[in-house]
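Fair warning: this is a prediction, and the values are worked out from it, not measured in the lab. Quick note on labels: first sequence line is chain A, next is B, and so on, each numbered from 1.
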There are 2 protein chains.
Amino acid sequence: MDTTQRTEQQRSADRRRRELLEAADRVVLRDGPQASMNAIAAEAGITKPILYRHFGDKGGLYAALAKRHTDALLDSLRAALDAPAERRERVEATLDTYLAAIEARPQVYRFLMHPAEGGTAAEQGFDVGKHSAPLLRRMGEELAQVIEDRLDLGPESQRLARVWGHGIVGMMHAAGDWWLGERPCSRAELVRSLADLLWGRLAAAGDRIGGPGF
Amino acid sequence: MDTTQRTEQQRSADRRRRELLEAADRVVLRDGPQASMNAIAAEAGITKPILYRHFGDKGGLYAALAKRHTDALLDSLRAALDAPAERRERVEATLDTYLAAIEARPQVYRFLMHPAEGGTAAEQGFDVGKHSAPLLRRMGEELAQVIEDRLDLGPESQRLARVWGHGIVGMMHAAGDWWLGERPCSRAELVRSLADLLWGRLAAAGDRIGGPGF
DNA sequence: CAAATGTGTTACTAGCGGTAACACGAGTCT
DNA sequence: AGACTCGTGTTACCGCTAGTAACACATTTG
């Protein structure tokens, strides 16, 4: 029952845990989302059962690994969202922050986007704590909170903020994913185009000749 | 070399193929994206190798199954996009069509969106359909085409249209996914909120008290 | 000293995607 | 008729995966 014993051993366990996470990080960076538990264990210089003792199952390792990156990315996004600047500038900075992150480490973010997708049927029965689609949902909720806190949207503000939060995050994600694959333009151009979309240029645009009347 | 023989046998093969696809459809509707080849074969009353003879590998079966639903959904979306009405009405009709579809058969569309399922390493070698979501890409390209055809967006119209196509589709998808999970409001409310976002209400909204200056 | 605890191993299960080898039936060619 | 092809179906297998049991070693704690 000594606290000294517990803290000392726990400290060692935490250090190992961090080392294992870093090894997993390396493997995911190299092999992408298909990284196997065997490969991660080998990279860490150990064998599988240790991974399972530390993280329970693959979902646990995924969750721990995801938390690191989502927390880091969300911190960057919060900084961009909270910068003292015009709204348009803040929106563009936020978009650019996200796109720069996925551009720098595409494999990691592809890994983060795909939820658990377990092999066995254990996932389907009861998912008390792990059903969440982690990164996208968290970003959506976070953005929704910022929108609701800072914008005056009238009586439906709460619902509007949440819908917009998830919608904008989805827009950012899908456009970023497509852009990463095709690279049809520079990052700055993409940012400007998306901000234009959010700024109502879709509604303001004129019809082409032979337009919607037909 | 008779044409009659060939067409006869091919007709039979096509019929079997359709039957197998319908069995696969049933299993996916029941078991979700984790449906295994064994389960599909059992549902069809046969064994695995026949599936592989017809569809090559799991990706082929996925692609064939996906094509059916994507084509059907895209047809509905095109109809909504081409309706003779105001732009705002068309946008809302398109959003509502998509949301009604995913509401009616959530499992199918979850299957279509999350195909990647890291099986063996064989999948990694030749990636016919490895891209995260053919449905999202196709919808994005399709919408981009409609936007470019019908809107006058100035000199950068082509790039803008493609970015917006993928962005709007991503917005629709992410918001729909979140909405399906939480059901925080009615479908009509969601449609209106998203259309409001696209109509520039984000840019037009006023600041809250103690706003961005802090 | 002995008990407990974290670290590590080998060896295994069950299921997956995918494939070879073989067997049967129905039309076709000579 | 007999041989030949071709599509349909099987069983039995491969290599891989996630996950687990059983056992061994070191270290700290009572």
Side-chain angles (χ1 to χ4, degrees), chain A residues 1-20 23-24 27 31-63 116-125 130, chain B residues 1-20 23-24 27 31-63 65 115-130:
Chain A
M1 282 276 189
D2 256 314
T3 54
T4 55
Q5 170 193 356
R6 261 179 83 191
T7 50
E8 191 171 333
Q9 295 195 336
Q10 190 170 355
R11 201 182 281 175
S12 167
D14 282 4
R15 221 184 56 197
R16 280 285 185 273
R17 193 186 156 95
R18 238 171 289 151
E19 290 172 8
L20 298 184
V27 176
D31 296 353
Q34 291 89 8
S36 78
M37 295 296 266
N38 252 327
I40 294 173
E43 170 71 28
I46 53 162
T47 50
K48 274 192 302 178
I50 307 178
L51 284 181
Y52 285 95
R53 281 223 258 275
H54 274 275
F55 302 104
D57 61 354
K58 194 175 189 175
L61 173 58
Y62 161 76
E117 321 234 355
T120 39
E123 185 184 0
Q124 202 169 353
K130 52 171 56 177
Chain B
M1 281 284 188
D2 258 314
T3 54
T4 56
Q5 173 195 354
R6 258 180 85 192
T7 51
E8 192 173 332
Q9 294 194 339
Q10 191 171 354
R11 202 181 282 174
S12 167
D14 282 4
R15 223 183 56 198
R16 281 282 185 278
R17 194 188 156 94
R18 237 171 291 149
E19 290 173 9
L20 298 183
V27 176
D31 295 354
Q34 290 89 9
S36 79
M37 294 299 264
N38 252 327
I40 293 173
E43 169 71 28
I46 52 162
T47 50
K48 274 192 300 177
I50 307 179
L51 284 181
Y52 284 95
R53 279 223 257 276
H54 274 275
F55 302 104
D57 60 355
K58 192 174 191 177
L61 174 58
Y62 160 76
L65 198 53
E117 315 253 354
T120 32
E123 189 180 358
Q124 207 170 350
F126 54 167
D127 44 331
V128 180
K130 116 190 176 189

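For the OP1/OP2 pair of C/dT9 and a distance below 4.0 Å, the side-chain nitrogens and oxygens of A/T47 include at least one atom meeting the criterion. Put simply, A/H54 has a side-chain N or O that comes within less than 4.0 Å of OP1 or OP2 on C/dT7.
Applying the side chain to side chain donor-acceptor pair (under 3.5 Å) definition to pairs two or more places apart or across chains, those involving residues 41-53 of chain A are A/R26-A/E43, A/R30-A/E43.
For the pair A/R18 CZ and C/dT7 P, the interatomic distance rounds to 13 Å; values are reported in whole Å. Regarding A/K48, its NZ atom lies at a distance of 10 Å from the C1' atom of C/dT13, rounded to whole Å. Across the protein-nucleic acid pair, B/Q34 atom CD and C/dG17 atom P stand 11 Å apart, rounded to whole Å. At whole-Å resolution of the value, OH in B/Y52 and P in C/dA20 are 13 Å apart. Protein atom CZ of A/R16 is 13 Å distant from nucleotide atom C1' of D/dT27, rounded to whole Å. Between B/R15 atom CZ and D/dG7 atom C1' there is a gap of 13 Å when expressed in whole angstrom units. Across the protein-nucleic acid pair, A/D14 atom CG and C/dG6 atom P stand 12 Å apart, rounded to whole Å. Rounded to whole Å, the distance from CD on B/E19 to C1' on D/dT8 is 13 Å.
A/A39 meets the side chain to side chain contact (heavy atoms under 4.5 Å, CB included) test with A/V27, A/D31, A/S36; sequence neighbours excluded. Take B/E19 and apply the side-chain hydrogen bond (donor to acceptor under 3.5 Å, both in side chains) test, not counting sequence neighbours, and it matches no residue.
Proximity of residues 37-46 of chain B to DNA chain D (heavy atom under 4.0 angstrom from any strand atom) is restricted to B/I46.
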Using a cut-off of under 3.5 Å, enumerate the N/O to N/O pairs linking the protein to nucleotides 23-25 of chain C.
none

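In this structure, the separation between CE on A/M37 and CG on A/L61 is 5.0 Å, given to the nearest 0.5 Å.
Checked against A/L51 for a side chain to side chain contact (heavy atoms under 4.5 Å, CB included), the options A/N38, A/L20, A/D57 give a single hit: A/L20.
One cannot find a donor-acceptor pair under 3.5 Å joining the base of C/dG18 and the side-chain atoms of B/K58.
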